[in-house]
Amino acid sequence: MPELPEVETTRRGIAPHIEGRRVTGVVLRRPDLRWPIPREVAELLPGQVVDSVDRRAKYLLLNTSAGTALLHLGMSGMLRVLPADTPIAKHDHVDIAFDTGSVLRFTDPRRFGALLWQMPGETHELLEGIGPEPLTDDFDGERMYQLSRGRTAPVKTFLMDNAVVVGVGNIYASEALFAAGIDPRRAAGKVSRERYLRLAQEVKRILALAINRGGTTLRDFLAPDGAPGYFFQELFAYGRAGEACKVCGTPIRVVTLGQRASFYCPHCQR
DNA sequence: CCTGGCCCCTGCAAGC
DNA sequence: TGCTTGCAGGGGCCAG
């Protein structure tokens, strides 16, 4: 489900309800999601005030003085702030209750999501060594160009590599390459500096625009307030196989790259 | 080091 | 209608 814009939309949705609020209890309805849920979540989080809700890559970080809860939504995860007495539904795996009478409820049918813990001053090993945030100046086309030299993997796979830049998933990789006019199958090492400069610009523009639209709802993504993401209407490539390119009318094609469906216009992208 | 493939899991839609 | 198959927004891990 969620790429960076959807995770950021989720962050903005939950933050006003839980920042500055005290956790009164944690309910784990199963001991694991993708990984076992560390004991610190149940032992240290209750009683803490959530000082801030941050995002790093596709992780949400609930910061407290005792440590940070890391939440990842995987493919199908969803977070909502609900009244504490809201009935439990299937796949409602975790509740974090607050002194406001609300609970932050984590729902995730496929359980590719995660709930982890990071002690104060530490960086979780999964966050070590990952690339820059795409919407900061640490990410630019020059970086992509330098890292890509000699690489034979498709440029789309390269763009989705978390060591290169974080947060760009399957939808926005296709969209950014469309906007930059680059064929997703092209070897990363054979894309020019000039084209990487353009690609980085488009990544930034598209992610910012998608956040502005509340993300992309393909089937089930809803923001914590229940709103769908409206960027779906602005997709040029993703999910449009066989449909006419919105720019030139050529049918959009789909090809599998890195075990992921990749959509492109054979006329606009070279 | 880099690359491609596999796997985790459930739900849904399409095809027979 | 019901069964089977394939696919889905992520990403860690492994062998080559």
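As the structure is a computational prediction, the values presented were derived from the model and not from experiment. Lettering of chains follows the sequences in order, A, B, ..., and the numbering in each one begins at 1.
- In this structure, A:Leu207 places its CG atom 16 Å from P of C:dG9, rounding to the nearest Å.
- The pair A:Asp92-A:Arg30 does not meet the salt-bridge criterion, since no charged nitrogen lies less than 4.0 angstrom from a carboxylate oxygen.
- Which of B:dG11, C:dA8, C:dG11 sits closest to the side chain of A:His72 comes down to C:dG11.
- One side chain, A:Thr216 or A:Tyr172, offers a donor N or O that lies under 3.5 Å from an acceptor on the other.
- Taking the C1' atom of each, B:dT3 and C:dG9 are spaced 23 Å apart, rounded to whole Å.
- In this model, the phosphate group of B:dG11 is approached by a side-chain N or O of A:Lys90 to a distance below 4.0 Å at OP1 or OP2.
- Residue-to-nucleotide contacts include a donor-acceptor pair under 3.5 Å from the side chain of A:Gln259 to the base of B:dG5.
- Along DNA chain B, the nucleotide closest to A:Arg34 and the one closest to A:Ala153 are compared, and the more 5′ of them pairs with A:Ala153.
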Review point. Can you check side-chain hydrogen bond (donor to acceptor under 3.5 Å, both in side chains) on A:Lys156 and A:Asn170, steps first, answer last?
Key: CA-CA 9 Å; A:Lys156 172 168 175 276; A:Asn170 208 29; 2.6 Å; yes
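- Aromatic ring orientation, A:Tyr238 versus A:Phe263: perpendicular (interplanar angle above 60°, classes split at 30° and 60°).
- One interatomic measurement links the two molecules: CE of A:Met160 to P of B:dG5, which rounds to 15 Å at whole-angstrom precision.
- Across all strands shown, A:Thr157 has no heavy atoms under 4.0 Å from either base or sugar-phosphate atoms.
- The residues A:Glu194 and A:Arg198 are annotated as not salt-bridged, no charged nitrogen and carboxylate oxygen being separated by less than 4.0 angstrom.
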**Study point:** For DNA chain B, the dot-bracket pattern of Watson-Crick and G-U pairs whose distances stay under 3.5 Å, | for other-strand partners
**Key:** .|||||||.|||||||
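- Between the side chain of A:Arg110 and the base of C:dG10 there is no donor-acceptor pair of N/O atoms closer than 3.5 Å.
- Residue A:Arg151 places at least one side-chain N or O closer than 4.0 Å to OP1 or OP2 of B:dC2.
- Computed from coordinates, the A:Leu159 CG to C:dG10 P distance equals 12 Å when rounded to whole Å.
- When the side-chain nitrogen and oxygen atoms of A:His91 are compared with OP1 and OP2 of B:dT10, none of them lie within a distance under 4.0 Å.
- Residue-to-nucleotide contacts include a donor-acceptor pair under 3.5 Å from the side chain of A:Arg219 to the base of C:dG9.
- Note: CG (A:Leu70) to P (C:dG12) measures 12 Å, nearest angstrom.
- One distance of note links CG of A:Leu79 with CG of A:Leu73; it measures 5.5 Å at 0.5 Å rounding.
- A salt bridge between A:Arg105 and A:Asp95 is present, with a side-chain N of the basic residue lying under 4.0 Å from a carboxylate O of the acidic one.
- Checking C:dG12, B:dG4, B:dG11 against every side-chain atom of A:Tyr59, the shortest atom distance belongs to C:dG12.
- A:Ile130 places its CD1 atom 17 Å from the C1' atom of C:dC13, with the value rounded to the nearest Å.
- Note on A:Tyr238: only backbone sugar-phosphate atoms sit closer than 4.0 angstrom, heavy atoms only; bases stay farther off.
- Across the interface with DNA chain B, nearest-nucleotide mapping of A:Pro109 and A:Arg260 shows A:Arg260 to be the residue nearer the 5′ end.
- On the P atoms, C:dC3 is 23 Å away from B:dC9, given to the nearest whole Å.
- Nucleotide C:dG10 holds its P atom 17 Å from the CE atom of A:Met78, rounded to whole Å.
- By the 6.0 Å contact criterion, CZ on A:Arg39 is open, its count of non-hydrogen atoms from other residues, nucleotides or ligands being 12 or less.
- For A:Asp32 and B:dT10, the CG to P distance is 11 Å, given to the nearest whole Å.
- Of the candidate nucleotides B:dT3, B:dC8, C:dG9, B:dC8 has the atom nearest to the side chain of A:Phe112.
- For A:Arg111, the listed nucleotide lying nearest its side chain is B:dC9; candidates were B:dC9, B:dG11, C:dG12.
- A close approach under 4.0 Å does occur between a side-chain nitrogen or oxygen of A:Thr152 and OP1 or OP2 of B:dT3.
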